[in-house]
Number of protein chains: 2
Amino acid sequence: MSKKRQLLIDTALTLFYSHGIHGIGINEILKVSGVAKRTLYSHFTSKEELLLAALEARHHVFIQWLESKLSNAKNDLEVATQLFESLADWFDNNEPLLGEFRGCFFINTCGEYSDVSCEIRQLCEQHKSKVRQVIADKISSDNQTCVATLSILMEGAIVTAQVSGKKALLIEDCINASQAMLH
Amino acid sequence: MSKKRQLLIDTALTLFYSHGIHGIGINEILKVSGVAKRTLYSHFTSKEELLLAALEARHHVFIQWLESKLSNAKNDLEVATQLFESLADWFDNNEPLLGEFRGCFFINTCGEYSDVSCEIRQLCEQHKSKVRQVIADKISSDNQTCVATLSILMEGAIVTAQVSGKKALLIEDCINASQAMLH
DNA sequence: TTGTATGTAGACAATTCGGTCTACTTTTTG
DNA sequence: CAAAAAGTAGACCGAATTGTCTACATACAA
């Protein structure tokens, strides 16, 4: 992997994430990264291809982060608490790996693309599917409902933190709801 | 309220909602609505002002819809079931008042605007605050946690339906989680 | 009748968009 | 060393962007 290529992906990810895809032009990405336009188009055929690369990069970073955060949970309740407490750290910008919190990059991206069958949307869907899988792998019970509920609470927490501001109560509620579900 | 003004707001709302704010140009809104550009700029000083009007219009429609859906719930559990079953109808495009489901317009909008203190974001935050208030007014118990959890589940359901498309199981999970919470 | 509101079509300006291209320089590698 | 690969700056293209402006038409109420 070329150094410039990685720099372009990183810069695109940061800018797309914070200003939306259509809110950021190619020229802005070039200016911020300091890479020449010719170089960009030797690595990517279009803006969309750069976006796809950025989505994939974010996917890998996020999944790796999530797996590490849940790695030492010893039972289902610990999975839940560690999940939501890690999210709280993200919301409070205490997770350098994930950068400044601006909601979920994949949710934000879906808001800008209406065609559900396009490659971009499919990548977003696959990411969410993988996130659920990571949680499922840590849940000992074969109860599929538990995984689904945790995922829904997770999405709700992310969106609420983004739109309504980050609150300590939010995470408490998620953990309480998890406890109620796990009897 | 002028007829053309309302037509512009309705058209802008539909197009913004389905393609994102920055994905839709003024000219497209004019073409679809059949209104002259001069007329638009006699009613609104800028695209942003039109967006604010569209957000407000959506806010009123959604709140009215939500209130009507929860109006005849007789206890907390009924509030929860009617809430999530109404959401299911929305996801399945069986709620003409809300139009074709494309996630939450306010969440999608927040994804395109990073400045939390700008007027657009504040409108989105106020909308979510009002949604929580509508739910709170129907919950008999003074338990604030119940309202918060329902809200989080609601946001999670909306986002999951938008990104991952799973609908039937999703609503079941939300209702199950509500039941667990309400003992 | 005569203002005044509100509407029309569309040219135009200034800027930005994604993307191509030329000409040149640097870095890596066999 | 020499060839190939990867980089640079930035002019340029056509299309699209938001917003302004001129000139004119229609509807309605005092």
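Residue numbering restarts at 1 for every chain, and letters A, B, ... go by the order of the sequence lines.
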Need two values: the first and the last nucleotide of DNA chain D, 5' to 3', having an atom under 4.0 Å from any heavy-atom of chain B. D:dT17 to D:dT22
Who does C:dG18 pair with, Watson-Crick or G-U, both distances under 3.5 Å? D:dC13
Is any side-chain heavy atom of B:L83 closer than 4.5 Å to a side-chain heavy atom of B:L66? yes
Atom pairs and distances, side-chain donor-acceptor, residues 29-39 of chain B, under 3.5 Å, sequence neighbours left out:
from	atom 1	to	atom 2	distance (Å)
B:S33	OG	B:I29	O	2.8
B:S33	OG	B:L30	O	3.4
B:S33	OG	B:V35	N	3.3
B:K37	NZ	B:N27	OD1	3.0

Just the rounded figure in Å: distance from C1' of C:dC17 to CD of A:E48. 16 Å
If you take the centroid of each ring, where Trp contributes its six-membered ring, are A:W90 and A:F62 closer together than 6.0 Å? yes
Would B:E85 and B:T81 count as a side-chain hydrogen bond (donor to acceptor under 3.5 Å, both in side chains) if you check the C-alpha gap in whole Å, the side-chain angles of each, and the deciding distance to 0.1 Å? CA-CA 6 Å; B:E85 274 163 12; B:T81 56; 5.2 Å; no
Mind listing the N/O atom pairs, protein and nucleotides 7-15 of chain C, below 3.5 Å?
from	atom 1	to	atom 2	distance (Å)
C:dG7	OP1	B:S2	OG	2.6
C:dG7	OP2	B:H43	NE2	2.6
C:dT8	OP1	B:K4	NZ	3.1
C:dT8	OP2	B:A36	N	3.3
C:dT8	OP2	B:T39	OG1	2.5

What is the base-pairing partner of D:dA5, counting Watson-Crick and G-U wobble geometry with both distances under 3.5 Å? C:dT26
When clusters are formed from ILVMFWY side-chain contacts under 4.5 Å, directly or step by step, what else is grouped with B:L169? none
In chain order, what residues pass the side-chain contact (heavy atoms from CB on, under 4.5 Å) check against A:D137, with sequence neighbours excluded? A:Q133
Residues in residues 13-24 of chain A with a heavy atom under 4.0 Å of DNA chain C, by number, are A:I24
Flag the pair A:Y113 / A:H22 as yes when their ring centroid distance falls below 6.0 Å, and as no otherwise. yes
Quick check on C:dA13: syn or anti? Syn means the glycosidic torsion is within 90 degrees of zero. anti
Just wondering, are more than 12 heavy atoms of other shown residues or ligands nearer than 6.0 Å to CD in B:E48? no
Nearest heavy atoms of A:R102 and B:C110, plus distance in Å: NH1-O, 3.5 Å
Evaluate the side-chain proximity of A:F105 to A:I21: yes if any heavy-atom separation is below 4.5 Å, no if none is. yes
